[in-house]
There are 2 protein chains.
Amino acid sequence: MQQRGDTTIQDIADHARVSKSTVSRVLNKSSSVNEDKRTAVLKAMQTLGFEPNLAARSLAGGRSMTLGVLTQNIGSPFYDALAQGVIRGLAGTGYSPLFVDGQWQQSTETESIRTLIGRRVDGLLLIGGDVPVDQLNKLRERLPTIVVARELVGWENHCIHVDNVQAGYVATKHLISHGHERIALLRGIKEHPDATQRFEGYVKALKEAGIDFDSDLIYQGDFSGQSGVMAVNSLISRGVHFTAIFAANDMVAFGARLALSRHGLRVPEDISLVGFDDQAEAAFATPPLTTMKQPAVEMGEAAAQAMVKLIHNEQYELACSPVELQIRESVARLR
Amino acid sequence: MQQRGDTTIQDIADHARVSKSTVSRVLNKSSSVNEDKRTAVLKAMQTLGFEPNLAARSLAGGRSMTLGVLTQNIGSPFYDALAQGVIRGLAGTGYSPLFVDGQWQQSTETESIRTLIGRRVDGLLLIGGDVPVDQLNKLRERLPTIVVARELVGWENHCIHVDNVQAGYVATKHLISHGHERIALLRGIKEHPDATQRFEGYVKALKEAGIDFDSDLIYQGDFSGQSGVMAVNSLISRGVHFTAIFAANDMVAFGARLALSRHGLRVPEDISLVGFDDQAEAAFATPPLTTMKQPAVEMGEAAAQAMVKLIHNEQYELACSPVELQIRESVARLR
DNA sequence: GACTAACCTGAAACCGGTTTCATTGCAAGT
DNA sequence: ACTTGCAATGAAACCGGTTTCAGGTTAGTC
């Protein structure tokens with residue numbers, strides 16, 4: 001706002017009767033400047049309303065003060081929350097995030113990353129995604145890179161993610177502890193590692209409790225509400241007996257819940273239900289949904305802050321955050 | 001990806017045995033180039049893996065190929081959808097969106113806009129927000145600006161928004177047509193123009209139907225689920241008689257629906273319910289929520305595309321999109 | 001008083017593109 | 001044959017900063 005944006009460093013220099021170099025030094029505190037000149041420069045910037053041209057800065061200095069963020073519009077509010085966290089984590093650091101969309105397609109992702117590189121971003125924050133690890137390894141040699149919500153071997157301290165196996169285990173165990181043995185699992189997208197890992201946790205909990213695994217209880221769907229209703233319809237029409245459902249995420253749980261009610265089944269009296277994500281709507285569902293709470297905003301924030309430190313070659317820790325069971329009212333003891 | 005990112009236009013020029021100028025011409029199709037040289041350049045770019053440096057381009061050409069987008073993290077999925085639309089609308093245009101967060105606070109918004117200007121964005125897309133109109137008018141002289149989801153006098157064809165009065169009117173009328181006369185209105189944030197306008201529509205529909213306005217039926221809240229439960233609790237504890245609810249948005253409707261069920265009231269048998277936004281979860285609520293569908297993604301997309309044309313000084317139309325009543329199962333005829 | 005080190009400072013090169021300007025070659029017009 | 005006009009192209013200036021380099025001061029040391 002204010003002033004016209006075309007005040008340059010040279011204008012400031014003229015006004016303060018110093019050279020461009022000195023203005024630049026004041027601007028970056030890169031080397032010491034006499035007090036009187038410094039104040040003169042500062043005053044000139046004040047009166048002229050100076051806003052440094054980032055393009056010029058980027059070109060000359062080699063850094064763009066921009067972080068590339070690759071997100072996935074998978075529709076799950078989880079990714080939106082991560083992005084929010086990134087924005088929040090970057091606030092006040094001088095860096096701005098540049099979001100591009102990968103759409104969970106390798107080709108799009110690769111293309112999007114190219115765009116970011118063309119814009120000479122100072123760092124790359126990859127949220128989820130499908131880019132093969134060897135490509136990422138190459139990328140990483142070129143640019144500080146942090147991967148969020150995806151587990152990568154050899155990327156210790158460069159990726160932040162939750163323990164989905166553990167989460168699947170905890171959720172399943174919660175149902176088991178309420179007496180359920182016939183637990184339907186509504187899986188997310190087939191190739192999606194999150195889905196696979198939660199499935200592993202489910203199997204592990206079952207095994208530990210001495211419950212036989214029954215593939216009839218597994219529904220292979222995606223992460224949409226529609227998938228939830230289709231799953232329940234399928235289960236019921238196939239005559240599969242089940243007393244509880246562990247859904248791929250909250251959205252799937254909502255869909256399942258609707259389909260159940262269409263079939264005259266109540267939650268939790270007839271069927272218990274556990275979701276995943278703890279998105280905002282979960283607390284206001286009828287009944288409020290018991291779900292696995294992912295600290296999405298926090299993860300995004302942590303990743304962003306770590307990135308800034310990584311760029312500055314400072315020490316940082318990137319801990320895997322725990323997924324917590326958020327107990328509400330959609331799970332009941334089996335009678 | 002591929003190659004190191006340090007291939008410059010000069011490298012290409014050397015490789016193709018032409019001058020920088022020619023390469024630039026091929027790059028921008030800015031003037032005709034002999035066919036053989038053009039192919040030579042193209043081949044050189046191919047083999048060397050060239051990605052133009054945007055900072056340099058921006059500095060020299062005066063345009064950054066970046067659009068500043070000011071969003072509001074009001075939490076409503078409506079804003080997320082708008083942002084998604086912007087991303088989609090910009091795909092393939094060469095422009096990238098730079099998102100900053102205004103948090104619905106004037107000071108933050110002003111600051112964020114400064115950041116965008118420092119980055120020399122080619123255009124400004126303001127989504128909602130509180131920036132005073134005279135400040136916007138100044139801004140507009142400097143930079144192509146389009147305002148989304150906010151109505152501004154004198155900004156015809158530079159702002160895209162829905163007719164909230166009409167929307168409030170339609171929603172209310174839908175309830176009235178089902179025999180309801182005691183319709184509770186769960187208002188959004190007090191100063192928020194959307195809330196005020198929908199309120200107007202509500203009043204208008206009431207008046208037209210000859211129903212007396214009763215201020216007891218108005219609950220002043222915000223746009224959160226919690227606000228919905230508090231509203232219903234307040235209504236009931238105050239002993240207010242009502243047979244239907246028009247909620248500020250879907251989230252509020254979810255909260256209201258939960259509170260109703262806590263009080264043993266069924267939807268729609270006892271109380272009818274209408275939301276606003278038609279967010280993804282609405283279709284899978286129990287019962288599926290009748291709501292006013294805002295074409296958020298489409299609006300974002302339209303705004304983005306219009307902005308690109310505006311920058312290129314091309315003709316464009318920026319129509320106010322209609323809000324449509326999405327009839328599902330949360331409204332019943334009053335018996 | 002001479003010598004050196006530390007500190008300031010301006011001039012100039014540079015970052016990687018775009019754009020203006022001048023030059024050349026060649027076909028068309030008279 | 002002699003302009004005239006246009007297409008193609010390279011040289012060079014420029015965009016607005018950062019950074020190197022080379023003085024010029026000033027202070028400290030013997």
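Since the structure is predicted, the reported quantities are computational estimates derived from the model, not experimental observations. Numbered from 1 within each chain, the chains take letters A, B, ... in sequence-line order. Computation of the quantities below employed the complete heavy-atom set of this structure, encompassing side-chain atoms and omitting hydrogens, waters and symmetry-equivalent molecules.
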Side chains of residues 296-312 of chain B: which donor-acceptor partners sit under 3.5 Å, not counting sequence neighbours?
none

List, one per line, each side-chain donor-acceptor pair under 3.5 Å for residues 144-154 of chain B, sequence neighbours excluded.
from   : atom 1 : to     : atom 2 : distance (Å)
B/T145 : OG1    : B/L143 : O      : 2.9
B/R150 : NH1    : B/G129 : O      : 3.1
B/R150 : NH1    : B/V131 : O      : 3.0
B/R150 : NH2    : B/V131 : O      : 2.8

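Dashed line: the shortest gap from a side-chain N or O of B/N34 to OP1 or OP2 of D/dA7 is not under 4.0 Å.
Residues meeting the side-chain contact (heavy atoms from CB on, under 4.5 Å) test with B/A60, sequence neighbours left out: none. Remark: A/N34 pairs with A/D36, A/K37 by the side-chain contact (heavy atoms from CB on, under 4.5 Å) rule, at least two apart or across chains.
In this model, a donor atom of one side chain and an acceptor atom of the other lie less than 3.5 Å apart for B/D14 and B/Q10. Side-chain contact annotation: A/R120 with A/S58, donor-acceptor N/O pair under 3.5 Å absent.
Between B/W104 and B/Y79, the angle of the ring planes goes over 60°, which puts this pair in the perpendicular group of the 30/60° scheme.
An end-to-end axis angle of 40° holds for the helix from C/dG1-D/dC30 to C/dT30-D/dA1, taken from five base pairs per end and rounded to 10°.
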Inset, instruction - Sugar-phosphate atoms are those with a prime plus P, OP1 and OP2; base atoms are the rest. Using that split, label each nucleotide of nucleotides 14-28 of chain D B, S or - for protein heavy atoms under 4.0 Å, 5' to 3'. - result: -BBBBBB--------

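Atom pair A/K37:NZ and C/dC7:P shows a separation of 17 Å (rounding to whole Å applied).
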Inset, instruction - Start with the C-alpha distance between A/L90 and A/S96, add both sets of side-chain angles, then the distance that settles side-chain contact (heavy atoms from CB on, under 4.5 Å), and finish with yes or no. - result: CA-CA 7 Å; A/L90 249 33; A/S96 302; over 6 Å; no

